[in-house]
Amino acid sequence: TPSLVGDTNPFAKRLKVIRNSRLDDVSATAWYMLVDFRDGQVDTIELSFLQEETEPVLKQETDFATDDVKFAIRHTLAAKAIDFRGMYQNAGA
């Protein structure tokens, strides 16, 4: 058997665990790994917004007679996986 003395984990202190209970609907034991697509090294997921609307759009209306305030909030975006090489799924135990 190979000796583990001197071997190091190249991912030590570089991984961040993000828990999301919605993933348990698919499998309670599966786990996923994705690269940080914001660093620009791997184009894994592309996030797109409408032109000039990168943040939520807020509309507000006040009724003069009752002082009621109505709000409408819209945030239009799309996300698409564009390269599988930055994503990994393990079936778990």
(request) Look at the side chain of Thr29 and the backbone N and O of Ala91, then say whether any donor-acceptor pair between them is shorter than 3.5 Å. (result)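 It does hold such a pair.
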(request) Quick one: which residue pairs count as a ring pair (Phe, Tyr, Trp, His ring centres under 6.0 Å) with a foot in residues 13-36, not counting sequence neighbours? (result)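 Qualifying pairs, neighbours excluded: Trp31-Tyr88.
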(request) Could I get the full list of side-chain contact (heavy atoms from CB on, under 4.5 Å) partners for Phe71, not counting sequence neighbours? (result)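 Phe71 satisfies side-chain contact (heavy atoms from CB on, under 4.5 Å) with Leu58, Gln60, Val69 once adjacent residues are dropped.
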(message) Which residues pass the side-chain hydrogen bond (donor to acceptor under 3.5 Å, both in side chains) test with Asn20, not counting sequence neighbours?
(response)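 Checked Asn20 against side-chain hydrogen bond (donor to acceptor under 3.5 Å, both in side chains); matches are Arg22.
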(request) Please name all residues satisfying side-chain hydrogen bond (donor to acceptor under 3.5 Å, both in side chains) with Asp25, sequence neighbours left out, ordered by chain then number. (result)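 side-chain hydrogen bond (donor to acceptor under 3.5 Å, both in side chains) check on Asp25 returns nothing, list empty.
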(request) Name all residues meeting the salt bridge (charged side-chain N to carboxylate O under 4.0 Å, His left out) criterion together with Arg74; count only those two or more places apart in sequence or in a different chain, and write none if there are none. (result)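 Expected list: Glu53.
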(request) Output all residues satisfying salt bridge (charged side-chain N to carboxylate O under 4.0 Å, His left out) with Asp83, sequence neighbours left out; order by chain, then residue number. (result)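 Only Arg85 meet the salt bridge (charged side-chain N to carboxylate O under 4.0 Å, His left out) criterion with Asp83.
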(request) Please assess His75 against Phe49 for the test side chain to side chain contact (heavy atoms under 4.5 Å, CB included), listing each intermediate value before the final yes or no. (result) CA-CA 9 Å; His75 196 184; Phe49 301 93; 3.7 Å; yes
(request) Calculate, to the nearest 0.5 Å, the distance between atoms NZ and CD belonging to Lys80 and Glu46 respectively. (result)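 The NZ atom of Lys80 sits 10.0 Å away from the CD atom of Glu46.
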(message) Distance check, rounded to the nearest 0.5 Å: Thr76 atom OG1 versus Gln51 atom CD?
(response)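 If I round to the nearest 0.5 Å, the distance is 13.5 Å.
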(request) Would you kindly confirm whether Ile82 and Leu47 end up in one hydrophobic cluster when ILVMFWY residues are joined by side chain heavy atoms under 4.5 Å apart? (result)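 No, no single cluster joins them.
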(message) If hydrophobic clusters are built by linking Ile, Leu, Val, Met, Phe, Trp and Tyr wherever their side-chain heavy atoms come under 4.5 Å apart, do Ile45 and Met33 end up in the same one?
(response)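 Result: no, two separate clusters.
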